[in-house]
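To start, the structure itself, in structure tokens.
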Protein chains: 2
Amino acid sequence: MKKFEAIYMLSEIAMRDGIYRYLTIKTGVFGREIGFSQQSTSRKLNELYSQGLIDKVVLIRGLKVKITKKGIDYLMDEIKKMGLIGEKIRRIIIEGSVTSGMGEGTYYMSREGYIRQFMSFFGERPYPGTLNILLDNEMGEIISFLKSNYRYRLNGFREMERTFGDVILHRATLNGHPCFIIFPERGHYENVVEIVSSENLRNKFSLKDGDRVKLEVFPYD
Amino acid sequence: MKKFEAIYMLSEIAMRDGIYRYLTIKTGVFGREIGFSQQSTSRKLNELYSQGLIDKVVLIRGLKVKITKKGIDYLMDEIKKMGLIGEKIRRIIIEGSVTSGMGEGTYYMSREGYIRQFMSFFGERPYPGTLNILLDNEMGEIISFLKSNYRYRLNGFREMERTFGDVILHRATLNGHPCFIIFPERGHYENVVEIVSSENLRNKFSLKDGDRVKLEVFPYD
DNA sequence: ATTACTAGCCGTCGAGTAT
DNA sequence: TATACTCGACGGCTAGTAA
């Protein structure tokens with residue numbers, strides 16, 4: 001049996017609480033639930049047993065199984081790996097340096113039309129200005145992912161004859177400090193991103209143009 | 001392709017950072033790394049592609065792959081499931097009620113031979129007494145697991161003609177408050193467990209005999 | 001009733017190879 | 001040089017059935 005198949009079997013047992021106590025099952029019913037025939041289930045459980053990954057006792061009708069210490073360790077290894085992948089998915093790391101940019105974001109983030117929506121999401125008032133970060137390398141793929149897969153979006157509006165478009169927003173941290181990264185929904189890729197926070201980040205961290213910063217973006221938070 | 005096999009493939013791509021950016025691979029090399037032939041790897045990647053789980057571009061030599069949004073969601077679901085199983089493994093929940101017990105633990109936990117070892121593990125001095133909890137149901141399987149799979153053990157010693165045996169110890173919480181659960185290594189199962197803490201838990205929580213408590217034990221912490 | 005063996009079938013694997 | 005198709009071989013799957 002392939003490793004990932006054993007992990008699958010163990011995780012199905014674990015989900016049914018067969019970790020510290022015996023779980024009573026019937027190969028037919030359990031098999032149907034996990035997508036195998038009665039016979040295959042029987043064979044696979046015996047295989048797990050002979051590998052020392054589960055304890056198994058045959059009862060008059062049915063059997064009881066329990067994951068062994070070895071099985072738990074085996075499963076735990078895989079859970080840790082999956083946890084690491086989860087981290088990679090949840091936390092996108094971007095590095096770059098502070099730049100002055102064109103100050104467009106500042107004009108945007110002082111519009112009440114955006115501020116009201118921002119506050120309804122996060123309960124805090126954004127500092128009316130953005131910090132611009134010049135990205136190190138070609139980050140087009142990541143930026144386009146962040147533009148199309150978002151949780152927060154500020155709807156556009158018209159104000160004084162001018163149209164303000166939709167804005168995509170992600171939670172992030174700048175050198176560990178919570179903030180937000182924003183993108184205009186329309187517009188092509190630029191290697192500069194804008195950061196919004198309730199504070200003036202440039203002053204708070206005494207940032208000068210060219211200073212290195214590490215951004216972590218959390219598209220699922 | 002079975003679901004768990006697809007998850008395996010996706011996780012191998014994810015580990016190599018094929019999440020937000022394209023990952024350049026060769027079916028032969030990648031296949032060898034993940035345990036399949038060049039041909040099977042090619043076939044499986046095409047299958048993932050036709051299911052919309054990855055993007056794939058054939059290059060002059062090799063190909064580049066990237067997990068799609070659908071693929072990330074698919075993988076995330078599984079990661080969450082694994083996380084839940086991890087929680088089940090890490091945190092064993094035991095319920096019961098406060099009882100007076102026989103006061104044996106109090107005598108034990110005032111021996112300097114144990115206290116010194118306890119302090120070297122946890123840096124705090126245990127209150128010289130134990131709180132006894134009468135377990136609700138038959139918990140023999142769980143208790144025997146905790147007795148044989150432990151991280152902390154206080155070695156026994158001789159003192160004044162009396163022998164003190166080895167003691168197994170686990171981190172735990174009582175109604176959310178950090179504490180420790182202890183078992184004599186020798187001796188058969190009893191449905192009473194003893195709790196040690198740096199404070200007098202009975203006073204701190206105004207516990208009377210019969211009061212319901214929820215214990216969470218963390219065998220991996 | 002339910003587990004698990006046997007036998008035959010079916011699908012997956014990978015060597016060979018076209019592109 | 002690579003990917004990916006074809007096809008023969010092998011292994012795993014399940015129906016039938018013994019225990």
Side-chain angles (χ1 to χ4, degrees), chain A residues 1-18 21-68 71 74 78 141, chain B residues 1-18 21-68 71 74 78 141:
Chain A
M1 183 163 41
K2 290 251 168 53
K3 176 170 180 173
F4 46 82
E5 196 168 338
I7 294 290
Y8 173 68
M9 294 287 292
L10 291 176
S11 71
E12 290 293 340
I13 296 169
M15 282 202 298
R16 290 165 178 74
D17 285 320
R21 32 169 81 254
Y22 276 104
L23 170 70
T24 302
I25 55 170
K26 292 172 188 176
T27 54
V29 178
F30 184 57
R32 206 173 315 122
E33 290 173 6
I34 67 173
F36 296 109
S37 68
Q38 180 270 318
Q39 294 87 335
S40 289
T41 307
S42 172
R43 180 166 28 82
K44 284 171 200 294
L45 288 173
N46 283 327
E47 211 168 323
L48 292 178
Y49 178 69
S50 63
Q51 288 178 45
L53 298 173
I54 63 169
D55 277 344
K56 183 168 87 62
V57 180
V58 181
L59 307 173
I60 311 290
R61 37 187 72 198
L63 36 80
K64 57 181 194 175
V65 293
K66 178 168 80 166
I67 304 179
T68 60
Y74 197 71
E78 208 57 26
E141 289 166 359
Chain B
M1 182 164 43
K2 290 251 166 57
K3 176 170 183 177
F4 46 83
E5 196 168 338
I7 294 291
Y8 172 68
M9 295 287 292
L10 291 176
S11 71
E12 290 292 340
I13 295 170
M15 282 202 297
R16 290 166 178 74
D17 286 319
R21 33 168 81 253
Y22 277 103
L23 169 71
T24 302
I25 55 169
K26 292 173 188 176
T27 53
V29 178
F30 183 57
R32 206 173 314 122
E33 289 173 6
I34 67 173
F36 294 109
S37 69
Q38 180 270 317
Q39 292 87 336
S40 290
T41 307
S42 171
R43 183 162 22 83
K44 283 171 201 295
L45 287 174
N46 282 326
E47 211 169 322
L48 291 178
Y49 177 69
S50 62
Q51 289 178 44
L53 298 173
I54 63 170
D55 277 344
K56 183 167 86 62
V57 179
V58 182
L59 307 174
I60 312 289
R61 36 188 74 200
L63 38 78
K64 56 180 194 176
V65 293
K66 175 169 83 166
I67 303 178
T68 60
Y74 197 70
E78 207 58 26
E141 288 166 358

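Basis for what follows: all heavy atoms, side chains included, without hydrogens, waters or symmetry-related copies.
Counting heavy atoms from C-beta outward, A:I7 and B:F4 have side chains that stay 4.5 Å or more apart. Residues B:M1 and B:L48 are in side-chain contact: their nearest non-hydrogen atoms beyond the backbone lie under 4.5 Å apart.
Here B:E47 lies out of heavy-atom contact (under 4.0 Å) with every strand. Within 4.0 Å of A:S40, counting heavy atoms only, lies at least one base atom of the nucleic acid.
Taking 4.0 Å as the cut-off between side-chain N and carboxylate O, A:K2 and B:E5 do not count as a salt-bridged pair. Using a 4.0 Å cut-off between a side-chain N of Lys or Arg and a carboxylate O of Asp or Glu, A:E47 and A:R43 do not qualify as a salt bridge.
The phosphate of D:dT3 has neither OP1 nor OP2 within less than 4.0 Å of any side-chain N or O from B:S42. Contact check, A:K44 against D:dC13: a side-chain N or O comes under 4.0 Å of OP1 or OP2. A:R43 has a side-chain polar atom (N or O) that falls below the 4.0 Å cut-off from OP1 or OP2 of D:dC13. Within the 4.0 Å cut-off from OP1 or OP2 of D:dC13, not a single side-chain nitrogen or oxygen of A:S37 is found.
In this structure, the CD atom of B:Q39 is 10 Å from the C1' atom of D:dC5, given to the nearest Å. When the C1' atom of D:dA19 is taken as reference, atom CG of A:L59 falls 17 Å away, rounded to whole Å. Here the P atom of nucleotide D:dT3 and the CD1 atom of B:I25 are 8 Å apart, to the nearest Å. As rounded to whole Å, 8 Å separates atom P of C:dT12 from atom NZ of B:K2. Following rounding to the nearest Å, B:L48 (CG) and D:dT3 (C1') show an atom-to-atom distance of 16 Å. Distance B:N46 CG to D:dC5 P: 6 Å, rounded to the nearest Å. Between the CZ atom of A:R32 and the P atom of C:dT2 there is a distance of 10 Å, rounded to whole Å. In this structure, B:F4 places its CZ atom 12 Å from P of C:dT12, rounding to the nearest Å.
Comparing C:dC13, D:dA4, C:dT2 by their closest approach to the side chain of A:R61 singles out C:dT2.
Remark: the backbone N or O of B:T27 is not paired with any side-chain donor or acceptor of B:S42 at under 3.5 angstrom.
Between B:F36 and A:I60, it is A:I60 whose nearest contact on DNA chain C lies nearer the 5' terminus.
Side-chain atoms of A:Q38 and base atoms of C:dA4 include a donor and an acceptor less than 3.5 Å apart.
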